[in-house]
There are 2 protein chains.
Amino acid sequence: MTDGGDIGGGARKLARGEGVALWRQITQQMEREISGGQYGPGARLPTEAELAERFDVNRHTVRRAMEELEGRGLVRIEQGRGSFVAEDVVDYRLGPRTRFSENIRRQNREPGGRILRVEEMPAEAQLADLLGMRRGRPVVVVERLSLVDGRPLLIGTHHFPASRFGRIPDLLKENPSITAALVACGVPDYRRKVTRITARLPTAEESELLQQSRNRPVLVSEAVNVDPAGEVVDVTIARYAAGRMQMVVES
Amino acid sequence: MTDGGDIGGGARKLARGEGVALWRQITQQMEREISGGQYGPGARLPTEAELAERFDVNRHTVRRAMEELEGRGLVRIEQGRGSFVAEDVVDYRLGPRTRFSENIRRQNREPGGRILRVEEMPAEAQLADLLGMRRGRPVVVVERLSLVDGRPLLIGTHHFPASRFGRIPDLLKENPSITAALVACGVPDYRRKVTRITARLPTAEESELLQQSRNRPVLVSEAVNVDPAGEVVDVTIARYAAGRMQMVVES
DNA sequence: TTGCCAAATTCATCTAGACGACTAGTTATC
DNA sequence: GATAACTAGTCGTCTAGATGAATTTGGCAA
């Protein structure tokens, strides 16, 4: 065995004062061990205190490394329980006719969800432009948390022109399905016209609702939906727990 | 004015010991001030030391808050210089015939790039399946950093079956255009068949190449490209600096 | 057995201080 | 005038220690 290193899983000496931060070296080492199969998916990792001792650094330094791994999607950290190797992702198809429930059921998983918020408010400039309506005219905003097998996957915020869809709040009280509410408003079908996608870290509220760590990004999609006549039905902004899904675009 | 608070922009007292972490409260306050226009896009924010004094907390607490804002895309932190309010994003169209250069030029921006790595290696299981070839057979791997107006936007890793595209390494020495190399290999045209998108924090190397903070996520896309006959040409994995672009999917 | 409480474990936050690394501007030197 | 050396300002990393919050465990009482 070479200079104090123990490739089999023991402590490998960190290089101090050589330009590479200690926490980065710990990140790399843990990454090697996880992808090398030292710990299987879902397995529990040593505690921060143990790792700190093993690498002979302060616990804060280990924490910095673990936070990095969590953000990269390799581990999941739970307060009071420990750290675990990450697992499982859902495929989420993004097509012109994407409907959440069908999408999920196609993968033999159980869709679910609940309405978080329904309100009417004036349209801001950018939103009004996308909806093709005048600024300040009322829009109905519906926010929904969608689940897969009981785990939150996305937060969707829908914006409908109130002139045409003012009945939606009442309809949703009867039946929480947005698609059904649209049918009742005379929109039997709609399709996605354009989608913009980016990613960022979640706000405190988002990470709370999605039950996802602050370090894991959210995929943010902004979609414009139109009815068969090409009329804009709504603008939806959805935030997906990136750690739990992969968006699939077919073309 | 109420209990020591100065809504106009001065120090607002933080609530200690009430269940909300101090760094979160600082995040919120700074967010309010930035989105409220206290600081314009690109403007320099107070130093960490100044903020620490203003909020009456340790500098580390301010740092935690600023890292959060950076990850969310609101600010940009530069060592030795300071922190600045974030700006500008590029639209990146993702369609069946997406070509990087055209895509960028359409927005009156200047595309650029350089080849990072070219090598031949055996195909791993998953990759071989996607390419429709046997495991372990050689693939040509080309890694390229693509720039917009001189700023890195994405790292693309292309995987070609070596049987058909073994000449690519030599061709790229003449002309660094991948599209041109494919033409020379008898593939005048190709299109994107399916794309999978997710997001995660970047590795050290990725954040280095993309010149993007460790806290800003990368959008990761995996695309399968096929020629007009439907034969798989390559599998490309691209990592985009999420802070500098929005992916646009039209359907 | 069930339910509850207390202790132990483990991660989360905050403070305090030191030093390193990078930037930008100033001064000294050739 | 150009260049090098220095300096102040600012962010980055690391240590050390204290306290809080969430979870698990084990024992005791009903």
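Computation of the quantities below employed the complete heavy-atom set of this structure, encompassing side-chain atoms and omitting hydrogens, waters and symmetry-equivalent molecules. Below, chains carry the letters A, B, ... as their sequence lines are ordered, and counting in each starts from 1.
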Quick one: which of dC11(C), dA16(D), dT13(D) gets closest to the side chain of S83(A)?
dC11(C)
Identify whether the distance between the nearest side-chain nitrogen and carboxylate oxygen of E206(B) and R200(B) falls below 4.0 Å.
yes
May I ask you to decide whether R72(A) forms a salt bridge with E70(A), counting only side-chain N to carboxylate O separations under 4.0 Å?
no
Ignoring hydrogens and geometry beyond distance, is the side chain of R24(A) in donor-acceptor contact with the base of dG12(D) at under 3.5 Å?
no
From CG of D56(A) across to P of dT15(D) the rounded distance in Å is 8 Å
Consider the side chain of R81(B), meaning its heavy atoms from C-beta on, and name the nucleotide among dT23(C), dC11(C), dT15(D) that approaches it most closely.
dT23(C)
With no angle test and no hydrogens, is the base of dG17(C) tied to the side chain of H60(B) by a donor-acceptor pair under 3.5 Å?
yes
Pick the nucleotide of DNA chain D nearest each of V20(A) and I77(B); which residue has the one closer to the 5' end?
I77(B)
So does E33(A) pair up with R54(A), basic N to acidic O under 4.0 Å?
yes
Between R59(A) and G19(B), the residue closer to the 5' end of DNA chain D by nearest nucleotide is R59(A)
In whole angstroms, how far is the C1' atom of dT10(C) from the CZ atom of F84(A)?
10 Å
Closest of dC11(D), dT10(C), dC14(C) to the L22(B) side chain is dC14(C)
Would you say CD of E120(B) has more than 12 non-hydrogen atoms from neighbouring residues, nucleotides or ligands within 6.0 angstrom?
yes
Do the side-chain N or O atoms of R16(B) get closer than 4.0 angstrom to the phosphate oxygens (OP1, OP2) of dG20(D)?
no
With a 4.0 Å cut-off on heavy atoms, is R63(B) in touch with a base, just the backbone sugar-phosphate, or nothing at all?
base
Side-chain donor/acceptor contact of Q79(B) with base of dA21(C) under 3.5 Å
yes
